[in-house]
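Working notes, structure below.
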Amino acid sequence: MSTTSNVSASKRIEALLDDNSFVEIGSLVKARTTDFNMTEKETPADGVVTGYGVIDDKLVYVYSQDASVLGGSIGEMHAKKIVKLYDMAMKMGAPVIGLIDCAGLRLQEATDALNAFGEIYMKQALASGVIPQISAIFGNCGGGLAVAAGMSDFTLMSDNAHLFVNSPNALDGNYTEKCDTSSAKFQSEETSNVDFTGDEAEVISKIRELVAMLPANNEDDMSFEECTDDLNRVCSGIEGYVDDMQTLLEMVSDNGVLFETKKDFATDVVTGLIRLGGNTVGAVANNSDLISVKGAEKIEEFVNFCDAFSIPVVSFTNVTGFETTVCQEKKMAKAAAKLTYAFANATVPKINVVVKNAFGSAYVMMNSKSIGADIVYAWPGTKIGMMNSESAAKIMYADEISKADSANELIAKKAAEYDELQLSVNSAASRGYVDSIINPEDTRKYLIGAIEMLFTKREDRPGKKHGTV
């Protein structure tokens with residue numbers, strides 16, 4: 001393995017893992033096809049370096065593709081090496097990390113390569129929800145390999161990499177200069193495919209950060225670390241960050257830790273991993289008071305991941321409804337249904353904090369008590385109900401308003417009454433829909449206490465193969 005590109009594939013692994021921890025597997029494997037004069041071509045390791053090592057002393061399995069061997073294309077033995085890596089990872093219960101730089105399927109091997117590639121899909125499907133799967137794209141990731149990246153739990157992408165099913169020039173009416181649909185920018189902002197983009201060193205660093213926060217598998221929780229932050233730390237001024245949820249999450253998290261997922265996609269919501277009292281927790285927050293289709297899909301996918309790996313979920317709710325455009329309406333009902341199902345179906349500890357407004361069915365699906373939240377906190381002055389008081393008054397007293405000498409005064413009077421009777425947080429708490437009204441600066445200590453209380457939570461669902469929502 002003396003080629004420059006192959007050294008790069010190995011160097012990526014060395015940069016990713018703890019020093020001197022990598023053990024290579026299958027270094028002597030070569031392509032075995034004889035068609036198209038393949039016997040005359042050198043295929044060291046068949047274009048992929050595979051093995052295992054540790055990140056912060058946690059076992060991980062890694063493959064890194066070598067673009068110097070037939071462009072890093074996937075042949076039969078190349079794919080079988082990855083399949084065997086998955087077999088070992090499943091037996092040991094450890095994450096699989098793929099460092100991708102690939103020209104696609106190896107045409108010279110045709111059906112052998114195609115079949116072996118399908119076996120990778122099968123292993124990924126079986127591993128889903130059992131061990132974390134992480135893909136990092138450093139070169140090309142096209143065609144069928146884009147599907148493999150999409151089957152991962154997390155996908156990271158270097159700024160100069162390319163991710164695509166069909167290349168930009170193959171799309172009707174498009175070309176690369178017009179819209180580079182394979183670029184890191186497009187894939188992170190316009191699709192839900194990519195969690196993080198940056199230069200190669202930043203991507204490697206982010207993978208290490210992510211692995212440190214994740215459990216090794218769905219049964220063996222290695223996601224706890226000793227908390228060095230004050231468990232009772234007061235978060236002064238946190239109420240001023242209701243419209244900047246990234247900062248709010250950093251304020252409540254141990255030492256300001258936040259690994260944000262799909263950061264550039266659907267920015268009306270924030271999803272990510274934080275730490276509370278040393279525990280890894282999934283955080284969901286509304287950055288806008290209107291839920292979009294993409295926002296609902298982003299939360300749904302994240303909650304499903306957390307539930308699969310027994311990671312508690314904390315939501316910070318400020319929502320008044322749904323985005324109202326024709327494009328949004330096309331998919332809103334289904335996206336909202338999937339979001340509702342994700343929260344309702346999750347059996348992990350679920351905590352909700354209402355930080356401003358919580359109106360209508362948009363609130364119900366945002367981890368409300370009615371669909372299974374174990375604990376609901378609310379800040380003083382928050383409003384919980386069907387809709388804002390002025391709109392409710394106009395509907396409820398439409399006849400009286402139409403006949404009133406001063407419609408505005410009547411609307412204001414009736415809205416104030418509705419506010420007190422139906423929208424106040426005290427009204428919701430009196431009915432048991434809110435467990436405690438807490439001061440904003442005490443949010444962190446209440447969340448940590450609730451997580452500790454819910455640590456041994458067990459909750460069953462009706463016996464079934466799986467839901468269909």
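None of the values given here were measured: they were computed from a predicted structure. What you see below is based on every heavy atom in this structure, not just the backbone, and it leaves out hydrogens, waters and symmetry mates.
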Subject >> Check ion pair Asp229-Arg275 (N to O, under 4.0 angstrom) >> reply: no
Subject >> Heavy-atom pair with the smallest gap, counting every atom of Leu163 and Ala146 >> reply: CD1-CB, 3.7 Å
Original post:
Among Val284, Val313, Val314, Val281, which one satisfies side-chain contact (heavy atoms from CB on, under 4.5 Å) with Cys306?
Top reply: Val313
Original post:
When you measure from the side chain of Asp18 to the backbone N and O of Ser21, does any donor-acceptor pair fall under 3.5 Å?
Top reply: no
**OP:** Would you indicate whether the side-chain heavy atoms of Val62 and Leu16 approach each other to under 4.5 Å?
**Re:** yes
Original post:
Any ion pair linking Lys298 and Glu300 (charged N to carboxylate O, less than 4.0 Å)?
Top reply: no
Subject >> Set of residues satisfying salt bridge (charged side-chain N to carboxylate O under 4.0 Å, His left out) with respect to Glu239, sequence neighbours excluded >> reply: none
Original post:
Where the side chain of Ser253 meets the backbone of Gly256, is there a donor-acceptor pair that is under 3.5 Å apart?
Top reply: no
**OP:** With sequence neighbours excluded, tell me which residues meet side chain to side chain contact (heavy atoms under 4.5 Å, CB included) with Ala346.
**Re:** Val303, Asp307, Val348, Lys350
**OP:** Go through the side-chain N and O atoms of Asn193 and Gln187 and say whether any donor and acceptor fall under 3.5 Å apart.
**Re:** yes
**OP:** Going by the side-chain contact (heavy atoms from CB on, under 4.5 Å) test, name the single residue among Asn367, Val242, Thr443 that passes it with Phe316.
**Re:** Thr443
Original post:
Are there more than 12 heavy atoms of other residues, nucleotides or ligands under 6.0 Å from atom NZ of Lys331?
Top reply: no
Subject >> Nearest atoms (heavy-atom pairs only) where Asn160 meets Phe138 >> reply: OD1-O, 4.2 Å
Subject >> Residues which pass salt bridge (charged side-chain N to carboxylate O under 4.0 Å, His left out) with Glu452, listed by chain and number, not counting sequence neighbours >> reply: none
Original post:
Which atom names give the shortest non-hydrogen contact between Thr197 and Ser188, and what distance separates them?
Top reply: CG2-CB, 3.8 Å
Original post:
Going through the distances and angles, do Tyr86 and Val96 end up as a side-chain contact (heavy atoms from CB on, under 4.5 Å)?
Top reply: CA-CA 7 Å; Tyr86 265 92; Val96 172; 3.8 Å; yes
**OP:** Starting from the C-alpha separation in whole Å, work towards a yes-or-no answer on side-chain contact (heavy atoms from CB on, under 4.5 Å) for Val270 and Lys263.
**Re:** CA-CA 7 Å; Val270 178; Lys263 180 178 180 180; over 6 Å; no
**OP:** Classify the side-chain pair Ser292/Asp268 by whether it contains a donor and acceptor separated by less than 3.5 Å.
**Re:** yes
**OP:** State whether the side chain of Ser135 and the backbone N or O of Gly98 hold a donor-acceptor pair below 3.5 Å, judged by distance alone.
**Re:** no
Subject >> Ile299 vs Phe343 side-chain heavy atoms within contact, under 4.5 Å >> reply: yes
Subject >> Under-4.0 Å salt bridge between Asp195 and Lys206 >> reply: no
**OP:** Kindly give the heavy-atom pair with the smallest separation between Leu454 and Pro349, and that separation in Å.
**Re:** O-CG, 3.5 Å
Original post:
Looking at Phe154 versus Phe305, is the centre-to-centre ring distance below 6.0 Å?
Top reply: yes
Original post:
Can Arg12 and Glu14 be counted as an ion pair, charged N to O under 4.0 angstrom?
Top reply: no
**OP:** Please lay out, stage by stage, how Phe196 and Met157 fare under the test side-chain contact (heavy atoms from CB on, under 4.5 Å).
**Re:** CA-CA 6 Å; Phe196 175 83; Met157 193 171 175; over 6 Å; no
**OP:** Would you sort out whether Ile131 and Met90 count as a side-chain contact (heavy atoms from CB on, under 4.5 Å), showing the intermediate values?
**Re:** CA-CA 7 Å; Ile131 56 174; Met90 289 284 280; 4.0 Å; yes
Subject >> Side-chain ion pair, Asp180 and Lys185, N-O less than 4.0 Å >> reply: no
Subject >> Within 6.0 angstrom of Lys369 NZ, more than 12 heavy atoms from elsewhere >> reply: yes
**OP:** State whether Arg208 and Asp56 are salt-bridged, where the test is any N-O pair (Lys NZ or Arg NE/NH1/NH2 against Asp/Glu carboxylate O) under 4.0 Å.
**Re:** yes
Original post:
Going by atom types alone, do Thr228 and Asn255 pair a side-chain donor with an acceptor below 3.5 Å?
Top reply: yes
**OP:** Run the salt-bridge test on Glu119 and Lys80 with the 4.0 Å N-O cut-off and return the result as yes or no.
**Re:** yes
**OP:** Write down the atom of Ala149, the atom of Ile137, and the distance for their closest heavy-atom approach.
**Re:** CB-CD1, 4.5 Å
**OP:** Decide yes or no for Leu156 and Ile134: does some side-chain heavy atom of the first lie under 4.5 Å from some side-chain heavy atom of the second?
**Re:** yes
Original post:
Taking side chain as C-beta onward, heavy atoms only, is Ile55 less than 4.5 Å from Leu17?
Top reply: yes
Original post:
Under a 4.0 Å N-O cut-off, is there an ion pair linking Asp87 with Lys91?
Top reply: no
